[in-house]
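Working notes, structure below.
Counting convention: from 1, in listed order, for ligands and their atoms alike.
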Amino acid sequence: MTGYFQDIAPVTYQGEAGDGDLAFRHYDPDEIVLGKRMEDQLRFAVAYWHSFAWPGGDPFGGQTFDRPWFGDDMAHARMKADAAFELFRILGQPFFCFHDADVRPEGRNFAENLRGLEEITEYFAGKMEVTGTRLLWGTANLFSHRRYMAGAATNPDPEVFAFAAATVKSCMDATHRLGGQNYVLWGGREGYETLLNTDLGAELDHMARFLSMVVDYKHKIGFKGTILVEPKPQEPTKHQYDFDVATCYGFLRRYGLEGEVKLNIEQGHAFLAGHSFEHEIALAAALGVFGSIDMNRNDLQSGWDTDQFPNNPGEVALAYYHILKAGGFDTGGTNFDARLRRQSLEPADLVAAHVGAMDVCARGLKAAAAMIEDGGLDAALAERYAGWRDPRAQAMLGSDLDSIARRVLEEDINPAPRSGRQERLENYVNRFV
Ligand code: XLS
Ligand code: NI
Ligand code: NI
């Protein structure tokens with residue numbers, strides 16, 4: 001115990017009449033939603049980096065947070081873990097996620113990094129056994145240290161590739177040891193700033209070899225979790241190779257990895273790529289590569305990946321609608337890849353941010369489930385595509401341009417445009433949110 005959250009009692013479900021700002025009004029872990037407990041539908045996770053490692057800096061100023069566990073040694077790393085597991089307990093969070101760099105001090109070489117990671121992994125294992133908190137995913141930070149400034153797997157220097165590969169191996173070992181349900185690769189520096197100094201084709205080949213080695217190692221150690229790649233179009237790198245779901249899918253297909261790797265889709269990244277969150281989810285589901293989500297939102301005025309906690313039940317409802325339509329989460333879940341504002345200094349702010357976000361997601365999930373049960377959107381789709389149920393329409397898909405053209409002439413086919421009814425469908429959705 002660090003005593004950091006000492007005055008804060010575990011957050012409980014109090015229903016819509018509940019008072020106090022640290023209570024769930026919508027998130028009732030035991031409520032059954034479409035045949036599953038809400039906790040098992042949503043599979044929430046706390047992100048260690050934002051909630052415990054981020055110092056509160058912005059481009060104009062450094063640290064604002066004054067956490068007792070800030071310090072670069074193992075004693076502080078353990079204190080950080082104590083505080084993190086206290087937060088998980090207060091929130092009743094079933095899962096957490098971490099990068100190696102969030103949980104251990106930065107060593108002078110790989111051996112020191114490895115020692116720190118192995119030590120904290122055992123410390124986590126003990127705490128996980130006592131508390132029942134599980135690991136949604138582990139990952140390696142291959143973007144903060146200056147050695148990675150020109151990329152990790154795509155670095156022009158093979159020694160950086162080697163360092164990154166050794167680091168990923170160590171993080172996969174830690175994730176496996178902790179029973180992680182997934183392993184994530186987010187390539188924030190895999191891309192380029194200028195083609196003037198970049199061999200784009202070679203970098204893509206190297207990135208594919210790296211990912212193939214990750215898949216091989218997964219099988220070698222018997223890791224049963226899912227390997228996930230997290231798309232993002234830019235930031236920190238100007239052009240990132242894992243641009244969006246469509247780009248990642250093309251990459252996986254090109255290198256024969258589409259059966260081995262799925263995607264972790266983040267709200268703010270979808271937005272940066274010019275898509276909606278639900279577009280990315282629905283496309284990944286249609287392509288058979290939907291894995292997990294990073295839940296957050298961007299500031300609409302800043303055009304930057306601001307990683308705020310979700311605050312819009314309507315948006316979240318459409319995301320969960322497509323997740324539920326795809327069969328819900330398998331090994332994936334809802335990771336709050338989100339951080340406080342840098343003025344939010346109190347321990348209660350960290351609790352409140354998660355409580356509010358969990359409630360927003362619960363509202364979204366319930367609205368999505370109600371829409372599915374009502375069937376209104378399915379019915380609208382069925383009606384809009386009804387023409388394709390005609391056997392002649394199906395036969396056309398197996399024919400050719402010649403015969404289609406002949407039939408259009410013979411039957412004088414002259415299609416009449418029909419309303420897309422978008423406003424009515426939007427009004428329909430709002431009845432459930
Ligand atoms: C950054 C990413 C990062 C990944 C994990 O924008 O979202 O936080 O989720 O490396
Ligand atoms: Ni992000
Ligand atoms: Ni993320």
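The residue from Phe96, Phe5, Tyr4 that alone fulfils the side chain to side chain contact (heavy atoms under 4.5 Å, CB included) condition with Leu87 is Phe5. Evaluated for a side-chain hydrogen bond (donor to acceptor under 3.5 Å, both in side chains) with Trp49, the options Asp102, Asp337, Asn141 yield exactly one hit, Asp337.
Aromatic rings from Phe95 and Phe88 are positioned such that their centres are separated by 6.0 Å or more. Not less than 6.0 angstrom separates the ring centroid of Phe52 from the ring centroid of Phe70.
Listed by chain and number, the protein atoms of type N/O/S under 2.8 Å from the Ni ion (ligand 3) are Glu230 OE2, Glu266 OE1, Asp294 OD2, Asp337 OD2; waters are omitted.
For residues 107-117, every residue pair satisfying the side-chain hydrogen bond (donor to acceptor under 3.5 Å, both in side chains) rule, not counting sequence neighbours, is listed here: Arg108-Glu112.
Cation-pi geometry between Arg147 and Phe163 is met: under 6.0 angstrom from the ring centre, within 45 degrees of the axis.
Considering all non-hydrogen atoms of both residues, Pro231 and Asn264 come closest at CD-O, 3.2 Å.
Sorted by chain and number, the residues within 4.0 Å of ligand 1 by heavy atom are Trp49, His99, Trp137, Phe143, Trp186, Glu230, Lys232, Glu266, His269, Asp294, Asp305, Asp337.
Between Arg104 and Glu118 there is no salt bridge, since no side-chain nitrogen of the basic residue lies less than 4.0 Å from a carboxylate oxygen of the acidic one.
Applying the side-chain contact (heavy atoms from CB on, under 4.5 Å) rule to Asp330 yields no partners; only residues at least two apart in sequence or on another chain are considered.
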